[in-house]
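Written below as structure tokens is the structure these notes are about.
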Amino acid sequence: AQSVTQLDSQVPVFEEAPVELRCNYSSSVSVYLFWYVQYPNQGLQLLLKYLSGSTLVKSINGFEAEFNKSQTSFHLRKPSVHISDTAEYFCAVSEGYQKVTFGTGTKLQVIP
Amino acid sequence: KAGVTQTPRYLIKTRGQQVTLSCSPISGHRSVSWYQQTPGQGLQFLFEYFSETQRNKGNFPGRFSGRQFSNSRSEMNVSTLELGDSALYLCASSAGQSDTQYFGPGTRLTVL
């Protein structure tokens with residue numbers, strides 16, 4: 001069975017500092033990997049995804065994540081965070097079907 | 001294209017009652033998935049429908065049920081509500097199997 005681990009429940013970081021949100025997964029087959037962001041009182045928005053091909057994927061707002069098969073990781077990074085990045089971030093894994101498994105989420109708090 | 005819409009956005013019920021939540025997917029999307037989000041359990045998969053057929057199901061009791069109509073709109077029903085059913089219920093749609101899911105804003109259900 002697939003599973004996702006987000007070890008950090010909260011990550012405080014100063015504005016304009018870099019950040020890394022960690023995600024590890026387990027699965028016995030090839031997977032699709034996702035990062036979603038959830039702003040307060042809103043649904044989830046897809047931030048970026050890895051389906052195949054290049055292991056480094058990027059979003060339009062400066063986030064990037066790298067698929068590392070040997071370490072079964074898909075960490076999310078941003079070189080310089082902004083106040084507006086304050087949100088909860090969820091890593092998710094899917095084995096090609098719609099039954100997506102989500103991690104428990106990491107709350108990113110950007111400190112001015 | 002309009003996004004995924006969910007109605008109602010907020011709902012208050014009492015124990016023992018039943019509730020029906022509605023989800024309208026993005027036009028052309030045939031797959032609809034439902035998730036329950038709570039502070040304690042995080043995001044948990046409820047079930048997924050594709051072309052009016054339930055294709056996947058999570059580990060929830062039979063009080064939770066759903067259906068999908070020919071226009072891909074989906075409803076979720078919870079009978080005999082319990083306090084623990086208080087949660088944000090999220091619906092997500094996708095074009096088909098293995099396609100990216102797009103989430104609605106959710107329905108916040110409070111059971112008193």
Side-chain angles (χ1 to χ4, degrees), chain A residues 1-10 21-25 27 29-53 57-60 65 67 74 87-108, chain B residues 3-7 9-10 21 23-26 29-51 53-60 66 68 72 74 87-108 110:
Chain A
Q2 58 193 27
S3 67
V4 180
T5 301
Q6 291 181 252
L7 287 173
D8 305 307
S9 59
Q10 294 191 56
L21 306 184
R22 296 180 294 168
C23 172
N24 288 88
Y25 70 92
S27 174
V29 299
S30 296
V31 296
Y32 302 144
L33 294 159
F34 309 85
W35 275 99
Y36 285 87
V37 59
Q38 185 176 34
Y39 299 100
N41 299 315
Q42 294 187 27
L44 276 70
Q45 300 174 31
L46 180 67
L47 193 58
L48 46 77
K49 62 184 177 183
Y50 170 78
L51 301 181
S52 64
V57 290
K58 299 183 179 184
S59 72
I60 58 173
F67 169 55
F74 191 56
E88 190 160 17
Y89 293 79
F90 292 90
C91 181
V93 62
S94 167
E95 294 176 355
Y97 300 91
Q98 291 304 305
K99 188 178 178 182
V100 180
T101 299
F102 287 87
T104 50
T106 298
K107 291 183 179 177
L108 174 62
Chain B
V4 178
T5 58
Q6 292 186 245
T7 57
R9 290 292 312 277
Y10 301 91
L21 312 182
C23 171
S24 293
I26 292 172
H29 284 191
R30 297 166 64 190
S31 172
V32 174
S33 297
W34 289 89
Y35 296 86
Q36 181 195 64
Q37 185 178 26
T38 59
Q41 300 295 321
L43 271 160
Q44 294 185 287
F45 172 77
L46 280 155
F47 29 66
E48 183 240 346
Y49 287 86
F50 183 83
S51 294
T53 301
Q54 188 180 89
R55 193 164 59 178
N56 284 299
K57 190 176 188 305
N59 297 321
F60 278 80
Q68 186 180 33
S72 293
S74 178
L88 180 67
Y89 290 88
L90 293 165
C91 163
S93 78
S94 66
Q97 190 174 358
S98 303
D99 288 313
T100 300
Q101 292 186 318
Y102 295 88
F103 284 79
T107 294
R108 180 150 317 266
T110 302

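First the proteins, then the strands, lettered A, B, ... as listed; each starts at 1.
- Using a 4.5 Å cut-off between heavy atoms, Leu44(A) touches chain B through backbone and side chain atoms alike.
- Between atom CG of residue Leu90(B) and atom OH of residue Tyr36(A) there is a gap of 11.0 Å, rounded to the nearest 0.5 Å.
- Atoms CZ and CD, from Phe102(A) and Gln37(B) in turn, are 9.0 Å apart once rounded to the nearest 0.5 Å.
- Residues satisfying the side-chain hydrogen bond (donor to acceptor under 3.5 Å, both in side chains) test with Thr5(A), not counting sequence neighbours, are none.
- Residues Thr100(B) and Tyr32(A) have side chains not in contact (no heavy-atom distance under 4.5 Å, counting atoms from C-beta outward).
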Task: Evaluation steps, side-chain contact (heavy atoms from CB on, under 4.5 Å), between Gln38(A) and Leu88(B) - done: CA-CA 12 Å; Gln38(A) 185 176 34; Leu88(B) 180 67; 3.8 Å; yes

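- Crowding of Lys58(A) atom NZ: a count of heavy atoms from other residues, nucleotides or ligands under 6.0 Å not exceeding 12.
- Across all their heavy atoms, Phe45(B) and Val100(A) have their closest contact at CB-O, 4.3 Å.
- Contacts of Tyr49(B) classified as ring-ring contact (aromatic ring centres under 6.0 Å, His included), with partners at least two apart in sequence or in another chain: Phe47(B).
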